[in-house]
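Sequence lines set the chain letters: A, B, ... in the order given, protein chains first and strands last, and positions in each chain run from 1.
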Protein chains: 2
Amino acid sequence: MAVTLKEVAERAGVSRSAVSRTFTDGASVSDKMRRKVEKAARELGYSPNALASSLTTGRTKLIGLVSNNFHNPIFLEVFDLFTRGLQDRGLRPLLVNLTDEVDPENSVRMLRQYSVDGVVVASSTLPPGFAKAFRDAGVPVVHSFGRSSSSPQVHVVGIDNVECGRMAARELVTRGYDKVAFLGGPEAATSTQDRHAGFMSEMEQHPHIGVNCSFADAYSFDAGRREMLRLLQSKRADAYFCGDDVLSIGVLSAILDSGLNVPEDIGIIGLNDMEMARWENIDLTTIHQPIRQIVSSSIELMVATLNEPDRYPEARIFPCSVVERGTLRPVA
Amino acid sequence: MAVTLKEVAERAGVSRSAVSRTFTDGASVSDKMRRKVEKAARELGYSPNALASSLTTGRTKLIGLVSNNFHNPIFLEVFDLFTRGLQDRGLRPLLVNLTDEVDPENSVRMLRQYSVDGVVVASSTLPPGFAKAFRDAGVPVVHSFGRSSSSPQVHVVGIDNVECGRMAARELVTRGYDKVAFLGGPEAATSTQDRHAGFMSEMEQHPHIGVNCSFADAYSFDAGRREMLRLLQSKRADAYFCGDDVLSIGVLSAILDSGLNVPEDIGIIGLNDMEMARWENIDLTTIHQPIRQIVSSSIELMVATLNEPDRYPEARIFPCSVVERGTLRPVA
DNA sequence: AGATGTTTTGCAACCGGTTGCAAAAAGATA
DNA sequence: TATCTTTTTGCAACCGGTTGCAAAACATCT
């Protein structure tokens, strides 16, 4: 079916090694030989079988790209950036969808069967133990958007979610809201937990301010909207910190539908600073998360780790900052 | 590094073939042998190398998933559905991002180097020739969301975009709009061209109605918004058929920002029926595209083609229908 | 027990490449 | 031209599996 190295060798009248060498950088081949081989290869339409060569070289250039975030549009950009960044470095992303999969074992086994050179776990919801399972299996791993830790067991690239929670809380406090609330993503998600923890820890400094918490069941527009419609039925706060912009936008839509106004009746602060947050009719005050930097740093770290597998684990944490727009009332 | 079949064979005191056979369905192995081998394999933590075996079996279970639609959130769902559907069948998606890549040759070469069993081109914008390049290279291919044709050269699964254009036009005509417009995605996208063609062909039946056309430079919220802001400066129509819901939603936001109302001042009809279209504060009248069916049918067709590579090319076209909500004025 | 039929097993060649090593070719030096 | 280096080339073994084939083991029947 496909043209093999042997056929090229025969056509060019040279040994198989010679052909192999002309297709391997840094191998010793004379110009004459190279020309002969390339001619034959061209005539036959030969291109080397990456999988066969991986057998001896031990490198497949395959990178497992593992995620369970398939509802937050931010992740479409994340996938875009990852796939392009990896491709630019000659690496190939093998996509693994972890939706409703809790146990890392299956993925670990599968990715090892395909001898991936490394794994990028791109998820803000998976626990650190997930990425660690890959490391324990001897596969280089980078956890992007993962939980930061002062003593990481695996490479982590992302933001300090706890600090973001505090930041949001401070912002609400400064504006003088007296009943605030946290509306997070899935409660099991590490990012939700951390943002929640940070938010609460800051609010503890202000015991006179009422605090409520609730959780949407996904990081998605609809989940945010549904949760807010529920909340509006009963108790309601002055201002909400939404664990993500998609939640915020869903929440915003729920509030407007109920005939209430933002920021007059209810204040909203989100997290991520997605493109839509900038639209005039949304104009969401939010915390900017530097997605591009996180992705490109993750890729660099991955590449570095491929060259130096025993590299000491590190956490790369990027700072976030509040982008003030129109969904919180002005500071008094 | 990884445990090999040979080591398992030695540990179990059997031949390599025996080990290979216990890990191959339908091979002849006695129960006693199987138990011995499985025990050794378990103790060593062995799992077979999929790439090595592909060398002899000729099957990698790798499927190239090729796309250039990384801005339309609908495609996040598409990727979700594809990855899960493929995984459920034991196939592995190798993701290829084609953004700013016009020539199929690179992708074809790359995917052949990785000996993918098949390729799914998931794109509403690539021309049929793109998918054909894979077929010509002897790789089974299914073009999802591709241009339908009565004599397809490759398998195509999707909708009839021309008919959708007509459908939208009829809808606007019925409502008695007298200046209508088409606001499409990138002009080079086949889906844009077809929706445009259908729209125009229907409008030709109604020469008294004014028709305008323009094109956003991507299928994204922002591109739709930008294009509409531009249009509002000058000429403006009574009603717009937007080539996609993301465009519609961007367009809607631009209209509202300009102090105009929908559907009173301007009518909008979209295409896709994405989740957000249902929100009360958006409430978009649109044409429903059956995404899940398209994806699952694509996967079925892919699997069928893997088993029968010379299968005669077919086009699977799913019907669309108008979902009436609140962005067009009622029929008089 | 012996003849016959059916499974199960191991041997060895193969899949499409790579690579250490030694022989051959080319280049440099005297 | 003979000798010594350096570069280029081919041989053969190997990467981690699969598989056709024939021998070995087991089961069945007289």
Output a table of donor-acceptor pairs, distance under 3.5 Å, between side-chain atoms of residues 86-94 of chain B and any protein atom two or more places apart or on a different chain; print 'none' if there are none.
{"unit_1": "B:Q87", "atom_1": "OE1", "unit_2": "A:N97", "atom_2": "N", "d": "2.6"}
{"unit_1": "B:Q87", "atom_1": "NE2", "unit_2": "A:N97", "atom_2": "O", "d": "3.0"}

In a table with atom names and distances, give each donor-acceptor pair under 3.5 Å that connects a side chain of residues 129-137 of chain B to protein atoms at least two apart or in another chain.
{"unit_1": "B:K132", "atom_1": "NZ", "unit_2": "B:D136", "atom_2": "OD2", "d": "3.3"}
{"unit_1": "B:R135", "atom_1": "NH1", "unit_2": "B:Q153", "atom_2": "O", "d": "3.2"}

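- Checking the phosphate oxygens (OP1, OP2) of C:dG16, no side-chain nitrogen or oxygen of B:Y114 falls inside 4.0 Å.
- Aromatic ring orientation, B:Y46 versus B:F23: perpendicular (interplanar angle above 60°, classes split at 30° and 60°).
- In this model, the phosphate group of D:dG17 is not approached by any side-chain N or O of B:S20 to a distance below 4.0 Å at OP1 or OP2.
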Dump the pairs, protein N or O against N or O of nucleotides 12-15 of chain C, anything under 3.5 Å, distances to one decimal.
none

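- Atom CZ of A:R112 and atom C1' of D:dG16 are 14 Å apart (whole Å).
- Rounded to a whole Å, the CG atom of A:L5 is 7 Å from the C1' atom of C:dG16.
- An angle of 30°, rounded to 10°, separates the two end axes of the helix from C:dA1-D:dT30 to C:dA30-D:dT1, each defined over five pairs.
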message = For nucleotides 4-9 of chain C, give me one character per nucleotide, 5' to 3': B if any protein heavy atom sits under 4.0 Å from the base, S if the only such contacts are to the sugar-phosphate, - if neither.
response = ----BB

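- Residues that satisfy the side chain to side chain contact (heavy atoms under 4.5 Å, CB included) test with B:D194, not counting sequence neighbours, are B:R147, B:N161, B:V162.
- Between A:E10 atom CD and D:dG10 atom C1' there is a gap of 15 Å when expressed in whole angstrom units.
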